[in-house]
Enquirer: 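Below are the structure tokens for one structure; questions will follow.
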Amino acid sequence: MTSVHTSAHGPAGEKAGEPEVDAAARPERSRARGGPFEPPERPIAWAMLSRAVSVPLILGLVCFLPAVIAAQPGNGVRDTAYWLQLVLTCYAGARLATMILSTRRRLLQGVFWMFVYIAMGVAPFAQVVIGQTPTPMVGPRQDLITAVAMVLLGCAAYDLGALLASRRPLRRRTPSARSAGGGPAVAHPVRLRLLVVLAFAASAFYMLKLGGPAVFFSSRQEITETVAASGVVTEGSNVGSAFIKGFGQVPALLALLLYTRRLATSYRARRTPSTVLVWVALGALNLVVNNPVSNARYWFLTVLMAFVFTAMPSSAAVYRTVLATGVVGALVVFPYADKFRYDDEGQRPAQSASVFEPLVTKDYDQMVMFANTISWVDTRGHTYGRQLTGSALFFVPRAVWSGKPEDTGVRVGQWMGLRMTNLSAPLWTEFWVDFGATGMAGGMALIGYAAARTDRRYARAVTRAGPGPGSVLAIAAPLIAGYTFILLRGPLLQAAGKLAIAALCLLLISTFREQRAGLRR
């Protein structure tokens with residue numbers, strides 16, 4: 001059994017260098033402190049199960065799948081790019097296996113390594129082996145080698161940041177500090193009801209602007225055309241349409257998540273008819289505005305993952321299942337999940353003779369776009385913060401800021417001479433464009449640090465010793481975890497809008513004083 005020592009700097013398991021243990025895993029200490037008791041998660045059974053699945057899981061992710069890809073026929077050259085890509089795939093596979101087999105739920109870190117393994121590891125490795133990419137590479141082969149090396153460097157920096165975060169103990173807030181306003185953020189009951197009203201009003205306006213609910217069950221192409229015809233899109237600027245779409249979708253999702261958490265954690269809420277009815281109404285609203293038919297696959301993945309982790313926040317089995325099955329879904333299901341992107345005339349039927357063929361012909365262009373971005377930067381130099389500033393100030397119309405930067409993926413696509421410029425700009429690329437290798441490593445280290453700290457606070461928030469059904473972090477962390485796919489895929493300018501709206505909504509409903517009514521159990 002793991003030995004846990006009491007530290008003067010914080011709760012047990014949070015001292016630097018000591019393993020972090022949830023309250024659920026230390027029931028004896030909870031009884032001794034007079035605090036709430038959380039049943040153990042059957043550590044002995046899981047230890048036996050982990051030993052049984054660890055070897056095949058690690059061998060499958062690190063050895064078997066890369067070996068199967070390497071054996072595929074193709075015209076790829078086995079040069080430095082090939083070997084670096086193989087190292088990156090195995091490294092990401094090992095880290096993903098660590099996330100799955102961990103006794104703690106590292107929500108943000110687990111999703112990060114799942115994305116890296118699939119989009120920056122397996123898919124680009126298949127492209128190198130087969131000798132085909134979804135987007136043409138216009139620069140020299142050396143730029144691809146540099147891109148793979150920089151992704152490896154960024155992943156190592158991310159791990160370093162997460163390691164530094166694990167060495168810093170979390171502060172434990174005393175009851176007097178919580179009552180004085182220094183406690184964790186919780187949803188204020190009155191403001192939560194106002195968020196529900198905002199969700200229905202904004203979503204209704206969004207539906208009316210597009211011509212009614214029926215449009216949301218047609219295709220993404222028809223949605224795009226309807227938005228363009230609605231008059232909210234001005235020439236050279238999509239700020240108006242982004243705000244209408246963002247406020248039409250995000251408040252509805254957040255309200256559903258907050259009520260889902262109340263029902264999942266509060267027996268009193270489940271016996272309150274008004275709470276159940278509001279939850280049902282919000283569910284129906286989200287089936288219209290956030291359904292998989294008219295929305296991008298990455299956004300629906302965000303909705304689905306946020307809902308699952310909110311409804312079952314303490315289930316280690318759900319966490320491990322999502323990470324394990326996510327790899328299979330991304331490789332097999334995801335490339336075919338754009339069935340409703342076009343109407344019947346524009347539908348492009350998927351034809352594949354191999355399970356790996358969609359990886360080289362469809363969505364996973366992240367690595368080759370990094371290589372193209374390196375070629376683009378070589379012709380014009382780094383922008384030293386300009387691109388990231390444009391993403392941070394996404395809400396400023398181009399009519400006001402004439403020199404506002406465009407999406408990184410769009411800029412590179414235009415430089416390449418492509419007509420279709422809806423291209424990836426992975427997070428590594430955004431840092432590279434502005435600051436080069438040093439800035440990219442520093443940015444990824446900061447992200448790793450923030451992700452690890454958020455994971456630890458989330459693990460505390462979803463225990464019975466946490467702030468209760470109204471915990472804002474218990475909602476924000478699953479939402480960010482799902483949105484991580486969009487942030488990592490890029491471009492940031494496209495991803496910033498909904499993230500900012502979500503942050504604004506959560507800030508407006510949050511209070512840092514302990515609620516003794518309304519949202520309590």
Side-chain angles (χ1 to χ4, degrees), residues 187-260 274-275 277-300 302-304 306-307 340-341 343 393-400 475-476 479 482-483 486 493-510:
H188 192 280
V190 176
R191 298 177 196 168
L192 177 57
R193 297 187 186 100
L194 292 177
L195 177 64
V196 173
V197 174
L198 172 64
F200 280 103
S203 296
F205 179 77
Y206 179 41
M207 285 186 279
L208 290 174
K209 201 69 177 177
L210 268 63
V215 179
F216 292 85
F217 298 94
S218 53
S219 68
R220 284 176 57 193
Q221 177 183 347
E222 186 168 341
I223 287 283
T224 303
E225 293 173 353
T226 305
V227 170
S230 64
V232 298
V233 179
T234 60
E235 184 177 356
S237 178
N238 295 319
V239 173
S241 63
F243 270 107
I244 290 179
K245 191 172 185 179
F247 277 103
Q249 294 178 309
V250 176
L253 175 60
L254 285 176
L256 176 65
L257 295 179
L258 285 161
Y259 270 80
T260 298
S274 59
T275 302
L277 288 175
V278 171
W279 181 82
V280 171
L282 288 170
L285 180 65
N286 278 270
L287 286 177
V288 177
V289 298
N290 288 318
N291 69 75
V293 176
S294 58
N295 286 282
R297 290 163 293 169
Y298 280 102
W299 173 247
F300 181 71
T302 299
V303 174
L304 183 62
F307 181 81
F340 301 103
R341 178 178 293 183
D343 55 23
L393 300 178
F394 71 96
F395 52 87
V396 179
R398 297 189 185 277
V400 178
I475 300 300
L479 182 64
Y483 207 69
I486 298 177
L493 186 58
Q494 292 183 13
K498 287 182 178 178
L499 188 65
I501 291 174
L504 177 63
C505 292
L506 290 175
L507 181 64
L508 291 177
I509 68 169
S510 296

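For the numbers below, each heavy atom of this structure counts, side chains included, while hydrogens, waters and symmetry mates do not.
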Enquirer: Of the non-hydrogen atoms in Thr260 and Trp279, which two are nearest, and what is the gap between them?
Expert: OG1-NE1, 2.8 Å
Enquirer: Show the nearest heavy-atom pair for residues Phe300 and Pro292, with the distance to one decimal.
Expert: CE1-CD, 3.5 Å
Enquirer: Carefully, step by step, assess Val293 and Phe216 under the rule side-chain contact (heavy atoms from CB on, under 4.5 Å).
Expert: CA-CA 7 Å; Val293 176; Phe216 292 85; over 6 Å; no
Enquirer: So, the side chain of Asn290 versus the backbone of Leu287: is there a donor-acceptor pair under 3.5 Å, distance only?
Expert: no
Enquirer: Please tell me if the side chains of Asn295 and Gln249 come closer than 4.5 Å, counting only heavy atoms from C-beta onward.
Expert: yes
Enquirer: Can you find a heavy atom in the side chain of Leu282 that is under 4.5 Å from one in the side chain of Phe200?
Expert: yes
Enquirer: Check this for me: Trp299, atom CH2, are more than 12 non-hydrogen atoms of other residues, nucleotides or ligands nearer than 6.0 Å?
Expert: yes
Enquirer: So, taking the atom named CG in Leu479 and the one named CZ in Phe307, what distance separates them when rounded to the nearest 0.5 Å?
Expert: 13.5 Å
Enquirer: Determine, step by step, whether Met207 and Leu285 satisfy the side-chain contact (heavy atoms from CB on, under 4.5 Å) criterion, reporting the C-alpha distance in whole Å, the side-chain angles of both residues, the deciding distance to 0.1 Å, and the verdict.
Expert: CA-CA 10 Å; Met207 285 186 279; Leu285 180 65; 4.0 Å; yes
Enquirer: Output the distance between atom CG (Leu257) and atom CD1 (Ile475), rounded to the nearest 0.5 Å.
Expert: 5.5 Å
Enquirer: Grab the two heavy atoms, one from Leu256 and one from Gly283, that are nearest each other, plus how far apart they are.
Expert: CD1-N, 3.8 Å
Enquirer: Tell me, do Leu194 and His188 make a side-chain contact under 4.5 Å, heavy atoms counted?
Expert: no
Enquirer: Does the Ser510 side chain pair with the main chain of Ala187, one donor and one acceptor, at a distance under 3.5 Å?
Expert: no
Enquirer: Could you tell me which non-hydrogen atom of Leu506 sits nearest to which non-hydrogen atom of Ala476, and how far apart they are?
Expert: CD1-CB, 3.8 Å
Enquirer: Do Leu393 and Phe395 come close enough that some side-chain heavy atom pair is under 4.5 Å?
Expert: yes
Enquirer: Between OG1 of Thr302 and OH of Tyr298, what distance do you get to the nearest 0.5 Å?
Expert: 10.0 Å
Enquirer: Tyr259 versus Leu192: any side-chain heavy-atom pair under 4.5 Å?
Expert: yes
Enquirer: Of the non-hydrogen atoms in Ile244 and Tyr206, which two are nearest, and what is the gap between them?
Expert: CG2-CD1, 3.7 Å
Enquirer: So which heavy atom on Pro213 is nearest to which on Val288, and how close?
Expert: CB-CG1, 4.1 Å
Enquirer: Heavy-atom distance under 4.5 Å between the side chains of Leu508 and Leu198, does that happen here?
Expert: no
Enquirer: Any chance you could measure Ile486, atom CD1, to Leu499, atom CG, to the nearest 0.5 Å?
Expert: 9.5 Å
